[in-house]
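Because only heavy atoms are used, hydrogens play no part in the values below, and waters and symmetry mates are left out as well, while side chains stay in. Bear in mind the structure is a predicted one, so any value in this text is a computation, not a measurement.
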Amino acid sequence: MQKVGGAGGVKDVNKKIFLCSVFGIYCAALLYIWLFNGRYRLYDMPLSEYIQRSVNLIPFLTVTNYIKSIGTGTINLKTVFINLAGNIFLFTPLGFLLPAVFRTLRKFWKSMLTVFFIVLAVEALQLLLQIGVFDIDDFILNLLGAALGYGIWKWKPIQKFINV
């Protein structure tokens, strides 16, 4: 294994290469899931009309509707779990990998601001391509997942392992 640095500041180059590779694969998979996985333009309508029908800016409206639908039996629990937990856990690796790979993103606010703009860009792209909806609940859950990932990255045994 190739090492770089002096006493007390040894960095394992192979770990850095591994983390960068995982980050690249994760980003490619995330983009595929977010933009292309089984999605295609469903509606032939003007973009302005699509946006009016596909934007939810009311926090926790979708979550509340899921809970109500479970209570009335109009949706199954698996669908709710996949949508809500999926939005959280899909972004947990991003919260971990950003500070692990990019030294400039090791402060919580910098990582979360970066995630905020990544999510905003892709949500906007989904609207422009008419392949998804812009839901503030998804946005909140994505940020929560990234914050969870950042918390995992901050955990001392993890930082010791990756030589931060």
Colleague: Locate the shortest heavy-atom distance separating K16 from V101; write the atom from each residue and the value.
Modeller: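 Closest pair (atom of K16, atom of V101, distance): NZ-O, 2.6 Å.
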Colleague: Taking atom CG of N83 and atom NZ of K78, what is their separation to the nearest 0.5 Å?
Modeller: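 Reported value, rounded in 0.5 Å steps: 12.0 Å.
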Colleague: If you round to the nearest 0.5 Å, how far is CG of N87 from OG1 of T92?
Modeller: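 That separation rounds to 10.5 Å.
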Colleague: Where is the tightest heavy-atom contact between Q126 and V133, given as atom of each residue plus distance?
Modeller: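 Looking at all heavy atoms of both residues, the shortest contact is NE2-O, 3.8 Å.
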Colleague: Classify the side-chain pair T62/N65 by whether it contains a donor and acceptor separated by less than 3.5 Å.
Modeller: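 Judged by distance alone, the side chains do not pair up.
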Colleague: Give a yes or no on whether the backbone of S69 and the side-chain of T72 come within a donor-acceptor separation of less than 3.5 Å.
Modeller: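 Present.
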Colleague: Output yes when a side-chain donor or acceptor of D137 lies under 3.5 Å from a complementary backbone atom of F60, and no otherwise.
Modeller: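 Confirmed, D137 side chain pairs with F60 backbone.
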Colleague: When you compare the side chain of V63 with that of I67, does any pair of heavy atoms fall below 4.5 Å?
Modeller: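 Touching, per the 4.5 Å side-chain cut-off.
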Colleague: Within this structure, what is the CG-CG distance for the pair L120 and L125, rounded to the nearest 0.5 Å?
Modeller: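 Interatomic distance, L120 CG to L125 CG, rounded to 0.5 Å: 11.0 Å.
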Colleague: Going by ring-ring contact (aromatic ring centres under 6.0 Å, His included), F102 matches just one of F96, W153, F23. Which one?
Modeller: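 Passing option: F23.
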Colleague: Identify the two heavy atoms, one from G132 and one from Y50, that lie closest to each other, and give their separation to 0.1 Å.
Modeller: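 So the two residues come closest at O-OH, 2.8 Å.
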Colleague: Which pair of heavy atoms, one from L98 and one from S111, lies closest together, and at what distance?
Modeller: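 Between these two residues, the closest heavy atoms are CD1-O, 4.1 Å.
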Colleague: Identify the two heavy atoms, one from T104 and one from K110, that lie closest to each other, and give their separation to 0.1 Å.
Modeller: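 Closest pair (atom of T104, atom of K110, distance): O-CD, 3.1 Å.
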Colleague: State, yes or no, whether a side-chain contact exists between I136 and I140 at a heavy-atom distance under 4.5 Å.
Modeller: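 Yes. Closest side-chain heavy atoms under 4.5 Å.
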Colleague: Got C27 and L31 here, is their nearest side-chain heavy-atom distance under 4.5 Å?
Modeller: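 No, their side chains stay 4.5 Å or more apart.
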Colleague: Side-chain contact test, heavy atoms from C-beta onward, threshold under 4.5 Å: evaluate it for I82 versus T79 and give yes or no.
Modeller: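 Counting from C-beta outward, I82 and T79 never come under 4.5 Å.
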Colleague: Between Y150 and F108, how do the two ring planes meet: parallel, tilted or perpendicular, split at 30° and 60°?
Modeller: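 Perpendicular.
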Colleague: Taking the side chain as every heavy atom from C-beta outward, state whether N142 and V115 have any atom pair closer than 4.5 Å.
Modeller: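 Side chain of N142 against side chain of V115, heavy atoms only: no contact under 4.5 Å found.
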